[in-house]
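Below is one structure; the comments refer to it alone.
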Number of protein chains: 2
Amino acid sequence: MPLRSGTSREERFEERRTQLAQAALATLSELGFARTSLREIAQHSDFTHGVLHYYFTDKVDLISECVRVYHQLVLARFDEGLETYQDLDTMVAGVAETLQRTITEETAQHRLWYDLRSHSMFNEEIREDVREIERTLEGFAWRVVLRYAELTGTEPVLDSLSNYRMFDGIFYAALLDHMAGDPEATDRLVTQAGWLMDRICPQR
Amino acid sequence: MPLRSGTSREERFEERRTQLAQAALATLSELGFARTSLREIAQHSDFTHGVLHYYFTDKVDLISECVRVYHQLVLARFDEGLETYQDLDTMVAGVAETLQRTITEETAQHRLWYDLRSHSMFNEEIREDVREIERTLEGFAWRVVLRYAELTGTEPVLDSLSNYRMFDGIFYAALLDHMAGDPEATDRLVTQAGWLMDRICPQR
DNA sequence: GGGCATGCTTGTCATGCGTCAAGGGTAAGG
DNA sequence: CCTTACCCTTGACGCATGACAAGCATGCCC
């Protein structure tokens with residue numbers, strides 16, 4: 001009966017849902033939204049396509065769960081220490097390295113996110129989930145800026161939302177360039193981010 | 001035989017292709033990429049689905065033509081006079097008004113563009129077409145900045161590509177917000193654009 | 001150890017897709 | 001007036017999809 005004793009039925013149910021959503025995420029990030037079918041998802045997991053209908057009422061339900069699981073991943077990834085940066089040089093180098101690495105190594109995940117956000121333009125059912133993730137990203141971007149301001153002894157002259165939007169703009173662009181094979185994409189991103197940061201936290 | 005006498009076979013062929021691509025664009029901007037089928041496109045035109053295969057070898061051929069037609073539309077729209085702005089106040093007001101209007105009135109077309117760009121992440125065949133359009137947009141954004149610099153007697157301190165990417169970032173964000181029902185989306189865009197512009201063309 | 005709920009598989013259904021072939025209507029040219 | 005070339009419609013195909021129902025296996029409980 002239970003896969004793991006000591007857990008209730010509901011817990012096990014939720015656990016499986018999460019597992020399946022994770023498998024679905026892997027497929028989505030490879031093939032993109034448009035090409036991903038339920039059978040394709042099942043094939044990339046240890047199950048068959050029928051099980052998806054046991055755990056999800058329909059495809060939209062699955063996708064929504066995927067978005068929520070993705071959100072958790074985003075949260076987990078960005079938890080890592082901003083406070084470890086004790087001086088400006090370390091932070092600048094660290095952020096630059098992180099940007100470069102995440103663009104080149106986590107390309108598929110970022111691509112999935114932007115694909116998802118695009119689909120929220122046409123699919124109202126996932127729109128709220130997407131905005132929730134955006135709020136998380138906005139919060140993260142803001143914490144970076146605040147730390148930078150702290151280390152430079154300055155004050156941000158831009159609001160949190162605008163700040164996020166501008167950084168998101170250059171990040172998305174760098175991702176697109178990188179995927180198109182542009183070798184200078186990440187360097188350009190770092191330069192642009194530095195430029196922006198200095199304008200958001202101007203030295204007196 | 002000919003729809004219009006005085007035109008060659010090739011010309012008429014190209015003309016029909018363009019017409020059909022325009023009809024396809026209308027459908028795409030309404031339903032989005034994922035939901036648009038050839039039958040759906042035909043149903044929104046004066047023809048039946050079979051004709052699409054007479055004028056296009058396959059679906060990718062159609063989409064490519066759509067992107068090219070869209071590009072022409074973009075070019076046409078942005079041709080309107082930047083040089084009519086004779087002083088700074090007129091320009092600021094004019095650009096602000098244009099931004100507000102295009103977001104609220106041409107929502108579907110912008111949405112289509114970002115949908116298209118997203119799909120270029122997974123569909124390599126349209127990637128080059130998309131980049132071509134981006135170059136056009138970049139050029140337009142740069143001309144706006146140059147005109148602004150001229151009227152303020154300043155010099156841009158950012159390169160053309162970075163400039164485009166940042167403006168595109170806030171524009172895309174405003175579009176998403178507007179579609180999500182946020183009534184302040186366009187006002188925020190104008191504010192952000194002003195902030196950015198002043199940093200790109202700083203007063204000495 | 002028989003009964004039974006749970007978890008997963010298998011097979012099937014209708015639908016809609018891209019593609020294509022065959023054919024009809026129409027107007028120009030002999 | 002008849003032929004011919006062109007443009008478009010119709011209908012059909014093979015296939016993939018989301019959804020679902022029936023059934024099988026597993027392991028707990030009485």
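Nothing here was measured: the structure is a model prediction, and the numbers come from that model. Convention: sequence-line order gives letters A, B, ...; per-chain numbering from 1. Quick note: numbers below take in every heavy atom, side chains included, and nothing from hydrogens, waters or symmetry partners.
Nearest heavy atoms, B:His110 versus B:Thr102: NE2-OG1, 2.7 Å. Scanning all heavy atoms of the two residues, the minimum distance from A:Leu175 to A:Tyr114 falls at CD2-CD1, 3.6 Å. Closest non-hydrogen pair, B:Leu28 versus B:Ile63, comes out as CD1-CD1, 4.5 Å.
Residue A:Arg16 places no side-chain atom within donor-acceptor reach of the base of C:dG7, judged by atom type and a 3.5 Å distance cut-off alone.
Looking at heavy atoms from C-beta onward, B:Phe33 lies out of side-chain contact with B:Thr36 at the 4.5 angstrom threshold. In this structure, B:Met121 and A:Thr107 have side chains that are not in contact, with every pair of non-hydrogen atoms separated by 4.5 Å or more. Looking at A:Ser64 and A:Phe56, their side chains never come closer than 4.5 Å, going by heavy atoms from C-beta outward. No side-chain heavy atom of A:Asp129 sits under 4.5 Å from any side-chain heavy atom of A:His71. Looking at A:Phe171 and A:Leu99, their side chains come closer than 4.5 Å, going by heavy atoms from C-beta outward.
Interface residues of residues 22-37 of chain A facing DNA chain C, ordered by number: none; criterion, heavy-atom separation under 4.0 Å. At a non-hydrogen distance threshold of 4.0 Å, B:Asp58, B:Lys59 from residues 55-63 of chain B come into contact with DNA chain C. Within residues 41-54 of chain B, the residues having any heavy atom under 4.0 Å from DNA chain D are, by residue number, B:Asp46, B:Phe47, B:Thr48, B:His49, B:Gly50, B:Val51, B:Tyr54.
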Would you tabulate the side-chain donor-acceptor contacts of residues 43-50 of chain B under 3.5 Å, counting partners in other chains and residues two or more places apart, or write 'none'?
unit_1: B:His44; atom_1: ND1; unit_2: B:Glu40; atom_2: O; d: 3.0
unit_1: B:Ser45; atom_1: OG; unit_2: B:Ala42; atom_2: O; d: 2.8
unit_1: B:Ser45; atom_1: OG; unit_2: B:Phe47; atom_2: N; d: 3.1

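Within 6.0 Å of atom CD in B:Glu14, more than 12 heavy atoms from other residues, nucleotides or ligands are found, so the atom counts as buried in its surroundings.
Residue A:Arg39 has no polar side-chain atom (N or O) positioned under 4.0 Å from OP1 or OP2 of D:dA16.
Taking a cutoff of 4.0 Å between a charged side-chain nitrogen and a carboxylate oxygen, B:Arg147 and B:Glu150 qualify as a salt bridge. Ionic pairing of B:Glu134 and B:Arg117 is present here: one or more N-O contacts between side-chain nitrogen and carboxylate oxygen are shorter than 4.0 angstrom.
The distance between atom CD of B:Glu40 and atom C1' of C:dC17, rounded to the nearest whole Å, is 12 Å. Rounded to an integer number of Å, the gap from CD of A:Glu10 to C1' of C:dT6 is 12 Å. Taking atom CD on B:Glu14 and atom P on D:dC7, their separation rounds to 12 Å, with Å as the unit.
Among pairs with a residue in residues 173-201 of chain A, those fulfilling side-chain hydrogen bond (donor to acceptor under 3.5 Å, both in side chains) read A:Gln100-A:Thr186, A:Gln100-A:Asp187, A:Tyr148-A:Asp198, A:Asp177-A:Arg188, A:Asp177-B:Arg131, A:Asp177-B:Arg165, A:Asp182-A:Arg188, A:Gln192-B:Ser162, at least two apart in sequence or across chains.
Rounded to 10°, the angle separating the first-five-pair axis and the last-five-pair axis of the helix from C:dG1-D:dC30 to C:dG30-D:dC1 equals 20°.
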